[in-house]
Amino acid sequence: MKLYIVAGEVSGDLHAANLMKAIYEQQAEISFKGVGGDKMIAQGLDCTVHIRELNVMGLTEVLKNIFRVRRILQQVKHDILSSKPDAIVLVDYPGFNIQLARFARKHKIKSIYYISPKVWAWHSSRAKTLRDNVDYMLSILPFETAFYKKYHYDAHYIGNPVVDAITSHSLDRAVVEKLIKADKPVIALLPGSRHQEIVQCLPEMIRVSKAFPDYHFVIAGLESTLQQIQTINTEHLEVLCNKTYELLSVSRAAFVTSGTATLETALFKVPQVCCYKTSALTYIAAKQLIRIPYISLVNLIADKLIIKELIQHKFTEKNLMQELVLLVNNGTYREEMLNNYDELIQILGGPGASQRAAVAILGFLKSSSC
């Protein structure tokens with residue numbers, strides 16, 4: 001069996017790699033080709049396009065790169081046709097993957113969507129596009145099944161793969177011990193994985209560190225972001241590359257750019273503030289389109305305000321400092337957040353999402369081929 005799998009960003013690479021591993025465990029005679037990153041390649045992906053070529057976000061940034069992304073999209077479409085897969089597996093990354101779903105339907109290729117696009121956040125009419133073009137939808141957020149039912153479409157909730165990623169991760173004890181020996185409480189700075197996020201969010205986070213000399217501020221980086229972080233990090237704070245979980249395991253509090261990292265931070269039970277800033281044009285456009293009360297996954301899944309969200313003009317050094325004082329010193333504030341984290345963990349359920357997704361996908365392919 002041949003599957004063509006497409007992930008377009010760092011978190012998608014991680015979850016797609018875990019899915020590939022789980023599918024291999026169920027059925028060894030299978031091959032993967034497509035778009036992904038180093039983790040998917042390590043699981044045997046025949047990589048057509050690396051995610052570093054697609055890692056753009058925001059209206060301004062997408063417009064700057066529109067011709068390059070279009071060229072890659074055409075390249076991937078051509079590769080799908082020449083590969084003749086049994087199905088394509090699309091992992092999040094909606095701007096790119098929804099177009100591939102349409103393409104697959106046109107060419108009578110089965111399509112499976114793993115990690116449903118967040119169409120409930122904005123432009124919810126895209127749910128109809130997904131219903132009409134995606135053969136099998138797998139959801140990782142519990143409220144999405146009810147959302148899709150309004151459009152007469154079945155989405156299958158299989159749990160959240162972030163739980164799997166954390167429970168299966170073996171901490172690097174040497175890194176953990178080094179952080180503990182710093183003899184100062186650790187504050188984690190998670191600036192995101194995209195160029196725009198780091199440029200917009202990290203400088204403000206770093207400035208706060210000067211007002212808290214009794215704390216050890218550490219930046220979580222990736223190989224793909226390390227050079228950029230080092231350019232911005234004029235205070236020469238410690239940077240840990242590909243050791244985010246090790247950092248969170250010992251952190252007293254965290255500044256986290258909105259995204260999957262807010263959920264990861266909550267699962268490590270680290271009090272946090274969610275940060276986000278983008279270009280003025282992107283923000284204005286988003287304000288007109290987005291119809292959800294929160295931007296962090298933590299608050300969205302819980303359907304209430306658990307962590308503070310500092311967005312755009314509210315994301316300032318002063319507001320960050322005020323929030324950090326509460327996070328590290330206010331016992332009641334911390335305890336309430338941690339109790340809410342426990343409720344969140346109950347909502348998400350236990351590990352096994354990748355395995356359940358693998359069983360569901362193979363079951364669907366078997367039934368649809370009969």
Side-chain angles (χ1 to χ4, degrees), residues 7 9-19 37-39 51 55 57 91-92 114-115 118 140-142 158-172 175-176 179 186-194 197-198 201-202 205 217-225 229 239-276 294-302 306-310 327 334 337-338 340-354 357:
E9 51 196 346
V10 173
S11 61
D13 178 43
L14 170 64
H15 300 318
N18 286 338
L19 174 65
D38 294 342
K39 288 182 172 59
I51 59 171
N55 209 1
M57 183 181 180
V91 183
D92 203 358
Y114 176 56
I115 306 183
K118 299 174 182 63
I140 67 167
L141 298 174
I158 45 84
N160 199 295
V162 173
V163 179
D164 290 351
I166 291 174
T167 55
S168 64
H169 181 78
S170 297
L171 292 175
D172 186 331
V175 173
V176 172
L179 289 168
V186 175
I187 307 297
L189 307 183
L190 278 60
S193 61
R194 301 181 180 93
E197 292 174 338
I198 295 168
C201 298
L202 184 56
M205 295 178 177
F217 286 75
V218 183
I219 303 170
L222 303 167
E223 287 180 13
S224 59
T225 64
I229 288 172
V239 181
L240 285 179
C241 186
N242 296 334
K243 299 294 180 183
T244 301
Y245 289 176
E246 283 74 9
L247 175 57
L248 288 174
S249 73
V250 298
S251 292
R252 174 75 175 171
F255 294 164
V256 187
T257 298
S258 179
T260 304
T262 60
L263 186 55
E264 292 173 315
T265 303
L267 290 172
F268 273 97
K269 297 189 178 181
V270 179
Q272 64 179 302
V273 55
C274 171
C275 312
Y276 199 76
Y294 313 110
I295 67 165
S296 73
L297 282 176
V298 172
N299 294 338
L300 283 167
I301 294 170
I306 293 179
I307 63 175
K308 188 70 170 287
E309 298 181 349
L310 298 179
L327 291 175
R334 285 177 60 86
M337 189 176 293
L338 294 173
N340 281 322
Y341 282 173
D342 289 336
E343 293 178 12
L344 177 73
I345 291 168
Q346 291 298 315
I347 293 171
L348 288 174
S354 302

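Heavy atoms only: backbone and side chains are in, while hydrogens, waters and symmetry mates are out. Here, residue 1 is the first one in the sequence, and each next residue gets the next number.
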Which atom names give the shortest non-hydrogen contact between [X] and [Y], and what distance separates them?
X	Y	result
L338	K269	CD2-O, 3.3 Å
Y341	P271	OH-CA, 3.9 Å
S296	C274	CB-SG, 3.8 Å
A220	T244	CB-OG1, 3.6 Å
C201	Y276	SG-CA, 4.1 Å

When rounded to the nearest 0.5 angstrom, what is the spacing between [atom1] in [X] and [atom2] in [Y]?
X	Y	atom1	atom2	result
H15	N160	NE2	CG	6.5 Å
S251	L327	OG	CG	12.0 Å
L248	E264	CG	CD	7.5 Å
L344	L267	CG	CG	6.5 Å
D38	S224	CG	OG	8.5 Å
I229	C241	CD1	SG	8.0 Å

Keeping the roles fixed (side chain from [X], backbone from [Y]), state whether a donor-acceptor pair exists under 3.5 Å.
X	Y	answer
R334	A253	no
T167	V163	yes
D164	S354	yes
T257	L190	yes
Q272	I307	no

Step-by-step side-chain contact (heavy atoms from CB on, under 4.5 Å) determination, V273 to V256: CA-CA 6 Å; V273 55; V256 187; over 6 Å; no
Partners meeting salt bridge (charged side-chain N to carboxylate O under 4.0 Å, His left out) with D92 (sequence neighbours left out): K118
Listed by chain and number, what are the salt bridge (charged side-chain N to carboxylate O under 4.0 Å, His left out) partners of K39, not counting sequence neighbours? none
Contact check, side chains of [X] and [Y], non-hydrogen atoms, under 4.5 Å:
X	Y	result
I158	Y114	yes
V218	L189	no
L19	P161	no
L14	T260	no

Run the ring-ring contact (aromatic ring centres under 6.0 Å, His included) test against F268 and tell me which residues pass, sequence neighbours left out. Y245
Between L141 and the options L263, I301, I347, L300, the side chain to side chain contact (heavy atoms under 4.5 Å, CB included) test singles out I301
Checking L240 against L179 for the side-chain contact (heavy atoms from CB on, under 4.5 Å) test, could you report, in this order, the C-alpha distance in whole Å, the side-chain angles of both residues, the deciding distance, and whether it holds? CA-CA 10 Å; L240 285 179; L179 289 168; 3.8 Å; yes
